[in-house]
Protein chains: 2
Amino acid sequence: MAENGRTSGNETLLFLTDDQLRKGIEAMFFAYRGFTADPDRILSDKGYGRAHHRAIHFINRTPGTTVNNLLSILGVTKQSLNRVLRTLIEDGLVKSEVGTRDKRERHLYLTATGSELEQELSNAQRDRMRAAFRQTGPEAVAGFRQVLEAMMDSDMRRHFARLKETGV
Amino acid sequence: MAENGRTSGNETLLFLTDDQLRKGIEAMFFAYRGFTADPDRILSDKGYGRAHHRAIHFINRTPGTTVNNLLSILGVTKQSLNRVLRTLIEDGLVKSEVGTRDKRERHLYLTATGSELEQELSNAQRDRMRAAFRQTGPEAVAGFRQVLEAMMDSDMRRHFARLKETGV
DNA sequence: TTGGAATGTCAACAAGGCTGACATAAAATC
DNA sequence: GATTTTATGTCAGCCTTGTTGACATTCCAA
């Protein structure tokens, strides 16, 4: 057994028992399904998938971002991202502009149509998150955010922290 | 704009601004990657994927569960689950027993080998969760769990609640 | 000038979702 | 007893989204 909920100082930490940790794990599993359910529905109507949503979300968040930066945020291969970007560009949701300083780079932006879809997706996702936040209150929300941030890999935490500063 | 962080009663709810909600959304995205990262590494070494992990996890949690029950927890099609179960049974990680009362049903159990893998996976996942819980403290953990539960679809919340009672 | 970085593209493949169709056995119902 | 429904398995085929490997282009930088 890896953990019994007690520290060496004999202080009982009930929230660290295997049982509590398992509940946290299962909560993450079930909640993530809810988290993606609404956008998934909207996307599948339009012939897109979760990968398109992710690309659209982060292009919206950091307009003009390069492909490489997006790759490192999304953690996929360039071939995989490229397939998604190609369809989004073909469909006129994303535009790709050759860099001025460095012409190798492509800077990515949402078009008006792309922004519309982004709004639709993020409204749906925010609605659910808002309901959950409202229902549980600010202290729960603070805890929620703290635990999630502590659970990230350091690379992802870096991206998250950078995005946090870019407020609306 | 869908939300401005104020109620009709003019009470400012800073944690409900679009910006706060967006941070919650991005936190979920990045944290889920961390959440699955360690098991994914272990699984890919053995030629399995996340789908196998999910099956193994819930068979371990409710030994003797039927295929139908597992389907409803996992939210996939029987064809999809069957493919995963078949390989797990062939590889001797899961055993399937015909029901005694209802002989149409198959009851699923982990074998000793299956239990070993389950332990390895859940230890890895718990290690990360434990580190995050320890780092943030019991109040944050309580909030984390509350918000996640509020974010679930009602079907999933039902499953979650049922599993919660089955303590270790 | 040469090396390396950023990007794109082509091909092939795998996991794991999906639908639809069909088979079987057993339970439930009429 | 006959019929219908349920639980499960299986086959075939499709889609999305991930992977690796190979190769071309462009262009910055040493």
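Keep in mind that this is a model prediction, so the values were computed, not measured. Both backbone and side-chain heavy atoms feed into the values below; hydrogens, waters and symmetry mates do not. The sequence lines fix the lettering, A, B, ..., with proteins before strands; numbering per chain opens at 1.
- An end-to-end axis angle of 20° holds for the helix from C/dT1-D/dA30 to C/dC30-D/dG1, taken from five base pairs per end and rounded to 10°.
- DNA chain C lies under 4.0 Å from at least one heavy atom of each of the following residues of residues 66-76 of chain B: B/G75, B/V76.
- Residue-to-nucleotide contacts include no donor-acceptor pair under 3.5 Å from the side chain of B/R104 to the base of C/dA25.
- Residues satisfying the side chain to side chain contact (heavy atoms under 4.5 Å, CB included) test with B/Q146, not counting sequence neighbours, are A/T136, A/A140, B/A142.
- For the side chain to side chain contact (heavy atoms under 4.5 Å, CB included) test, residues two or more places apart in sequence or in another chain that qualify with B/K95 are B/E97, B/Y109, B/T111.
- A heavy-atom distance below 4.0 Å to DNA chain C is reached by these residues of residues 78-100 of chain B, ordered by number: B/Q79, B/S80, B/R83.
- The side chain to side chain contact (heavy atoms under 4.5 Å, CB included) search around B/E120 returns B/I42, B/K46, B/L117, not counting sequence neighbours.
- Residues passing the ring-ring contact (aromatic ring centres under 6.0 Å, His included) test with A/Y32 are A/F35, B/Y32, sequence neighbours excluded.
- Take B/H52 and apply the ring-ring contact (aromatic ring centres under 6.0 Å, His included) test, not counting sequence neighbours, and it matches B/Y48.
- Residue pairs meeting the ring-ring contact (aromatic ring centres under 6.0 Å, His included) criterion with at least one partner in residues 118-152 of chain A, sequence neighbours excluded, are A/F133-A/F144.
- Near DNA chain C, meaning a heavy atom under 4.0 Å away, the residues from residues 35-49 of chain B are B/G49.
- Scored by the ring-ring contact (aromatic ring centres under 6.0 Å, His included) test, A/F58 finds B/F29, B/F30 as partners (sequence neighbours excluded).
- Shown here are the side chain to side chain contact (heavy atoms under 4.5 Å, CB included) partners of B/T66, two or more places apart in sequence or in another chain: B/N68, B/N69, B/E105, B/H107.
- The environment of A/Q79 atom CD is dense: over 12 non-hydrogen atoms of other residues, nucleotides or ligands sit within 6.0 angstrom.
- Using a 4.0 Å cut-off, some side-chain N or O of B/H52 falls inside it from OP1 or OP2 of C/dG16.
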